[in-house]
Each structure stands twice: as structure tokens, then as C-alpha cells.
Amino acid sequence: MSSTITIRNLLPDTDLVCFLVCSLFTKEECDNLLNSERKASFQKAISNYPTYYRNNDRLVIDDSQLSAYLFDKIKSHLPDHIENWTLAELNTRLRFCKYNANQYFHRHLDGIHYVSTTKQSKLTFMIYLNNAEEFEGGRTVFYKTKDSTDIWASYVPQQGDVMIFDHNLWHEGEEVTNGEKFVLRSDILYTKELEENSKEPFSGHLGYIWKILMFDNETLLSAGRDKTIHVWNMNGESRQTLRGHQNSILCMEKMNERTFISGSRDKQMKIWKRNDNRMFELISSFSVHSATVLSICKVTKGFFASSAADNSIKIVNLNGQIQHELIEHTNWVWQVVKLHDDYLASCSEDQTIKVWNYKNDKCIRTFYDHCSVICLMYDQMTNTLVSGNFQGEIMVRELSSDFNEIQTKKLDGHNGIVRTILKLNETLLASGGEDNKVKIWNIQSGICVQEFQHDNFVQALELTNDGKLLSASYDGTIKVWKI
Ligand SMILES: O=C(O)CCC(=O)C(=O)O
Ligand SMILES: [Fe+2]
């Protein structure tokens, strides 16, 4: 028995696409999609993502045939154009999601899937594979903004319905409190023609940029979710693209005039060296961590510290040999920075900042915050440690020579997680956050003196030798600011 297909617009008071195609798939089709083999293959949310975000089980498959079949069913209901983008196809990556009791997918925006600079996803595609009678909770809920408390629209899953919505809509998969909920999600891809001469400087990354690094006065490196490192001149022209990592690259650090290191979600670190023709070559790869490498900092000539999602910090030489291990954090160590002499500091998802003497593997101080500490910056001149946290606060800790807290000041910070902090000069500090802003602060007065805007999270900052500020964002761009 088949019921009639109907369209239900969920958010009539916005121009953004958000509608249901009800009863597009029959019960048999849903049961076929969720066959017993697939049902047995779901994987737990692994430590690749913080659990505050999502903890449901998933099964990810790449299936162009199935994707083409699904697209064929939905395509007549989809907008042919979104701005100057034209409907293309369904992403071949299909994600089956399973929510058991106490599982959820907290409020978020769906990420854009980039195929190339002219082909990317615009809309989320989600089939509800079972009925809300089989579980409690588990609605899909939409919100006007990241923080609004009022629900904009909500939907109780019905088997065979398909939800289509714009990637710019905040939404959540509400916690399931009993039973099991199943959905299948993918993305609708759109293409656009590239106009002649429209290439922006530093453009080429597909998706999030995680890190930028001034290698020398004329060379900028950038790395991100597309697993590549781009080498740029200061006009923003691409000089080289470095490949080798198998997953997102989150951090890079310069070791000497010719060498830098990169760290990735593939758990590896790679050493790259510039040859006499000024081209970078991969020298070696090693993995000393059992999870994503989150940050790297040079400790001394030939030695660096790396922090990771395995909760540890390791001091490693350029042959990849571990010299010291600092293990006291109880959750991801987001960043490690060098202090003076034999001291390092680190900040963690476990809500602490720790100061270490790495030579004897000892933690000598712990500062407690009230939420995850995401980024850290040390200013040797004033012996000050500046940290940014999950709630958008920036703490400026003035320390004594033996790292006791003398005075701590709180800056207003960001309306969202603080992602990065950079010292600009004696008086100014820059920060970037999940409110998509770059903020410039006067350290003494604590006042924000300038603000710049991106289209998505600001993840990394750098200073050019002629005093301009570079900011890199999840929006895939690197922007240059005069300060
Ligand atoms: O399960 C839901 O209702 C929402 C899932 C979701 O937002 C996603 O998978 O990105
Ligand atoms: Fe989502």
C-alpha cells in the first residue's frame, strides 16, 4: 500500500529552504535501506569528535548507485537553482544514523561538503527510516539562531518522510529517551560556473581552514579539512599544494629555516623540508599519538611538543622519537605552548590549564576554569598566559616567575567559543571565535578596539612582517586586515 506524497513547508517565515516530502519512501524501501547487515554495522561515536556535540552511532558508506537511486526519487521536489548555483546530484557519501536511549545530536549547522571550488552541497537530505512510535523524544528541531531558546519548528519522525533543508539552519536531533531512532542523511550538491578572473587571493581550500603559518616573510602556509597544505606568496597566489595526510590537518609549526611539521586527524605528524628550488618535500611521517594531533609547538632546536585527543602531550625529536610524556589531563589537550626555559603550558577539554616542567615530566601548576579551555597564548615579556574558553571568555593571567597567579583579568571575549589568540604587539591582542569575528583588544584596558567579520568560525590568526593581520576561517577564506 502506498500513500500519497505531500509537501509540507516547515518554516514559512523564511526564504531558506526547509520542507518535508512526506511518504516519499514506502515501509519496504525503508526496511531495505536499513537491512540487517547495515543494522549490525553501526559504529559508536568515536573520540574523533567531542561528545558534547553528538553521541549517536553511525554507519558511513560511499555508494554512487544507491545515491543515484535516492536522487532520482527526490530531484523533482528540489529547487533547480539556489542563487547562482544549479542543482547537480546527491553526495555519494551516505550516513546512516542510529540514536539509542540517551543519544542526541546537539544544536549545529550541517557542514558544507566541498567537491571542488565550483561544486558543493547546499541542502541537507534526510530520510526518516522508522516511526516515532518506536522511540521517545528524537524530534528534529529548528532554531532561529545558535542561542535562541524558542523552538522555531519541530518535526516528529514518520517513516518514509524526507526532510530537505538549507545548511544555514540551526537544528538538533533531540535526545532519544527510549527505543531506537534511525535516519539516513546526505547532502544535495549544486554547481556553479566560474567567472573569468574572479579568483580571490588565497582561494583554493575546500572547506574549513584550521591553521595558517607564516613560514618566512614571503611565504604563508595554510592547512585544513581538505587534507592539503597550500603554500602561498603574499599576493595570495598558490605556489604549491602539499598532499599526504589522510584526514584534516589541524596544526603546523616551523622548526627551522627550512622545516615545518604538520599534525592531523589521521594521528600522524609529517615533516616537510624546503629544497634548494624552494619547493617543499615530505621528509618523514610518524605517529606518536593514538588520536587526532591538535597542536604542535617548538620546544628547542630539534625538539617539539605535540598535544592530542588522546589526552597527552609528547616531547618528540625530528626523528619521531618520544623524549618525554606529559599525562595528567583527563580529556583532549587542545593546545600546548612554550613558556620560558624548561616550561610548557597546556589547555584542555577537562577545563584546566596546566604548567609543566617537561624535563622531569612534572605538572607544577593547575589553573581551573569552569568550561573547556580551547586556546592558549603566552607572552614572555609580561609573563602572561592568555586563554580562551568554550563560553567565549578570554582570561589574562599574569604570573610570577615561578608561575603563581598574581592577577587575572577577564575580557568580554566572543559570543561563542574562542578558537584562537595571537599577540600583536606590546599593547594589542587579537582573538577569533565562533561568532565569526576577529576582535582586537587593548590588553591594559581590556577594551575591544576593532572588529572584523568572517562568514563562519575564525580558527587561526597570523601576523605578516609588514604588520597586517591574517585570519583564516571555516568559511574557507584567508583575509588580510590592516590594524
Ligand atoms: O536526527 C536528526 O533529527 C537530526 C540529525 C542531524 O542533524 C544530522 O545528522 O546532521
Ligand atoms: Fe544536522
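Heads up: numbering here begins at 1 and tracks the sequence. As the structure lists them, so they are numbered: ligands from 1, and atoms in each ligand from 1.
In this structure, Val176 and Tyr104 have side chains that are not in contact, with every pair of non-hydrogen atoms separated by 4.5 Å or more. A heavy-atom distance below 4.5 Å is not found between the side chains of Lys267 and Phe286.
The residues lining ligand 1, counting any heavy atom closer than 4.0 Å, are Tyr99, Phe105, His108, Asp110, Met126, Thr140, His171, Gly173, Lys181, Arg185.
Salt-bridge formation is not detected for the pair Glu174/Arg107: no Lys NZ or Arg NE/NH1/NH2 atom is positioned less than 4.0 Å from an Asp or Glu carboxylate oxygen.
Asp475 and Thr477 share a side-chain donor-acceptor pair at under 3.5 Å. Under the 3.5 Å distance criterion, with hydrogens and angles disregarded, a donor-acceptor pair is assigned to the side chains of His245 and Asp266. Side chains of Gln453 and Asn436: no donor on one and acceptor on the other come within 3.5 Å. A donor-acceptor pair shorter than 3.5 Å can be found between the side chains of Ser471 and His454.
Geometrically, Lys354 does not engage Phe367 in a cation-pi contact defined by less than 6.0 Å to the ring centre and at most 45° from the axis.
Distances under 2.8 Å from the Fe ion (ligand 2) pick out the protein N/O/S atoms His108 NE2, Asp110 OD1, His171 NE2.
Less than 6.0 angstrom separates the ring centroid of Phe215 from the ring centroid of Phe280.
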